[in-house]
Amino acid sequence: MPSASGTTPGKLPFVVWVLAAGTFLMGTTEFVVAGLLPELAGDLGVSVSHAGLLITAFAIGMIVGAPTMAMMTLRLPQRQTLVLALSVFCLGHLVAALSTSFSVVLTARIVTALATGAFWSVGFVVATTAAGPRNATRATGVMIGGLTLANVVGVPIGSFAGQFTGWRGPFWALAVLSGLAAASIGRFIPAQEQHTEVSLRAEVRALRQGRLWLALGAAMLIMGGVLATYTYVTPLLTDRAGIPESAVPLVLIAFGVGALGGTTTGGRLGDRRPMVTTITAAAATALVLLLMIPLSGNPVTATLLVFLMGLTGFTVNPVVTALAMRFAGDAPTLTSALTTSAFNTGIAAGSAIAGTALNSSLGLTGPPLVGTGIAALTLLPLIALAVHGTSHKSRIVAQSAAPTHTRHDEPAQVPSQH
């Protein structure tokens, strides 16, 4: 029987899949540069570590763009916002593909990231609204799945194509595909959009929860640890593990498969045992990155560790995202954007610090060492959340066990609300 949204339970409207295709393109553009760093550096006349700033710059654009665009577009037509975001995304890739200046390409990446932030902040609202309450969680999973699938398919294909066409080839392809996505979304977004009164004061007030910031801190740190290593994984694989450059995309596929498996695992286990899942996965991520330092000299172990890096690291992502949304209460829109900013803050900081380590005496093992330290720090907010949850449950049990009768000469005590 159809739901209020016009869809049957378990069946998603086509627009959700179109939006997921948009997140696939944006996930591809954010991470494909990691597989194209040598080509980019050589063509633009900069060092590999300097070219890595293209990943850092995109992350910084997302940090600023996601919450800013979420607030700026709350009262704008959703279809117009999505089409405009994809159009700017398309234009940014055209400018980058036509330029021979590193500064211009860097600027184009920042502008593209701002458009990505706008798309994410509005796309999630449109997808869940179109799917209806009974399918909202699944619609969100499909949207996140588009981003994860980018690591499995988009990034390896882009890296592989870049070896034959140069780094500009994947940028041209992303420009064309995002133009087609803009046309498709303009056609399939419902004409009659729901507009609700949004209280910015309520959004900001709900951010006072300490637990929310612990979850955001964990999101930032786990992604920072993984991306500190992943940003410079190509020179590690070719120069240290001895893997041919033509085979690097296959290793990136292994990372994507691991990331997809981690997202699925976190989504399934996180509902029942969120803290055990995240603490175990974060500790395993730190261990995997640490082992990459002595064991990345062998192509087999290096490939296995890259796979495990994606599996363990991405297990944390869906759980801390769900926790942040749960803690947000009355601020789901702003919190969703801040979660994106948290992940990208980790990416920007991790890749920047790793680039410095790469140029130090640590060399190729510098990025995994940086990643190990950042991933290990993820345990601090996660353990704090676990302790807070345990004490909160103890208070509830104590209140439930307390005598409910009161003396006639004393007023009844009203339990505090948590």
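What you see below is based on every heavy atom in this structure, not just the backbone, and it leaves out hydrogens, waters and symmetry mates. Given the structure is predicted, the values throughout are model-derived calculations rather than measurements.
The two residues Leu212 and Ala324 come nearest to each other via the heavy atoms CD1-O, 3.4 Å. Residue Ala375 comes nearest to Leu289 through the heavy atom pair CB-CD1, 4.1 Å, listed as atom of the first residue, atom of the second, then distance. In this structure, Pro170 and Gly158 approach most closely via the heavy-atom pair CG-O, 3.2 Å. The minimum heavy-atom distance between Leu86 and Met26, with the atom names listed, is CD2-CE, 3.7 Å. Across all non-hydrogen atoms, the minimal contact from Tyr232 to Gly52 is OH-CA, 3.7 Å. Shown here for Thr229 and Pro368, the closest heavy-atom pair between the two residues is OG1-CA, 3.4 Å.
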message: Let's go through Val233 and Leu252 carefully: what are the C-alpha distance in whole Å and the side-chain angles of both, what is the deciding distance for side-chain contact (heavy atoms from CB on, under 4.5 Å) to 0.1 Å, and is it a yes or a no?
response: CA-CA 9 Å; Val233 74; Leu252 298 183; 4.0 Å; yes
Full working for side-chain contact (heavy atoms from CB on, under 4.5 Å) between Phe343 and Leu227: CA-CA 10 Å; Phe343 283 127; Leu227 266 295; over 6 Å; no
field: Audit row: Val33, Arg109, side-chain contact (heavy atoms from CB on, under 4.5 Å) steps and yes/no
entry: CA-CA 11 Å; Val33 172; Arg109 289 279 290 176; 3.6 Å; yes
message: For a side-chain contact (heavy atoms from CB on, under 4.5 Å) check, start with the C-alpha distance between Leu308 and Met292, then their side-chain angles and the critical distance, and finish with the verdict.
response: CA-CA 10 Å; Leu308 292 175; Met292 195 171 286; over 6 Å; no
- request: Take Ser99 and Ser101, measure what side-chain hydrogen bond (donor to acceptor under 3.5 Å, both in side chains) needs, and give me the verdict at the end.
  value: CA-CA 6 Å; Ser99 178; Ser101 167; 4.8 Å; no
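At distances below 3.5 Å, at least one donor-acceptor pair connects side-chain atoms of Arg240 with backbone N or O atoms of Ile293. Thr231 contributes no side-chain N or O that, together with a main-chain N or O of Ala228, makes up a donor-acceptor pair within less than 3.5 Å. Using a distance-only test at 3.5 Å, with no hydrogens or angles considered, a donor-acceptor pair links the side chain of Thr365 to the main chain of Leu362. A distance-only check finds a donor-acceptor pair linking the side chain of Thr315 to the backbone of Leu311 [under 3.5 Å]. With Glu30 contributing its side chain and Phe58 its backbone, the two residues share no donor-acceptor pair below 3.5 Å. When atom types are taken as modelled, the side chain of Thr321 and the backbone of Pro318 share no donor-acceptor pair closer than 3.5 angstrom. No donor-acceptor pair under 3.5 Å is formed between the side chain of Asp43 and the backbone N or O of Glu39.
When the options Thr378, Thr312, Thr280, Thr372 are evaluated for a side chain to side chain donor-acceptor pair (under 3.5 Å) with Thr285, the one that passes is Thr312. Of the candidates Thr345, Leu221, Thr339, Thr339 is the only one forming a side-chain contact (heavy atoms from CB on, under 4.5 Å) with Leu216.
Residue-environment remark: CZ (Phe307) exceeds the threshold of 12 foreign heavy atoms within 6.0 Å.
Remark: Leu290 CG to Leu369 CG distance equals 8.0 Å, nearest 0.5 Å. We find the CZ-CG distance between Phe171 and Leu94 to be 11.5 Å, quoted to the nearest 0.5 Å. Distance OG/Ser341 to CD1/Ile60: 12.0 Å, rounded to 0.5 Å. Atoms CG and OG1, on Leu379 and Thr278 in that order, are 9.0 Å from each other to the nearest 0.5 Å. In this structure, the separation between CG on Leu82 and OG on Ser184 is 12.5 Å, given to the nearest 0.5 Å. The CG atom of Asn359 sits 3.5 Å away from the OG atom of Ser49 when rounded to the nearest 0.5 Å.
Proximity of Val88 to Leu114: side-chain heavy atoms (C-beta onward) are nowhere separated by under 4.5 Å. Between Ile279 and Ile383 the shortest side-chain heavy-atom distance falls below 4.5 Å. The shortest side-chain heavy-atom distance between Met220 and Pro381 does not fall under the 4.5 Å cut-off. Phe119 places none of its side-chain heavy atoms less than 4.5 Å from the side chain of Leu25. Using a 4.5 Å cut-off on side-chain heavy atoms (C-beta onward), Leu106 and Leu54 make contact. Put simply, the side chain of Thr303 reaches to within 4.5 Å of the side chain of Ile243, judged on heavy atoms. Side-chain contact check for Leu236 versus Tyr230: every heavy-atom pair is 4.5 Å or farther apart. For the pair Phe160 and Ile253, the minimum side-chain heavy-atom distance is 4.5 Å or more.
Ring geometry for Phe255 against Phe314 counts as perpendicular: the plane angle is over 60°, on a 0 to 90° scale with 30° as the lower cut. The aromatic rings of Phe89 and His93 sit tilted, their planes meeting at an angle between 30° and 60°.
Every residue was checked against the salt bridge (Lys or Arg N to Asp or Glu O under 4.0 Å) condition with Asp239, not counting sequence neighbours, and none meets it.
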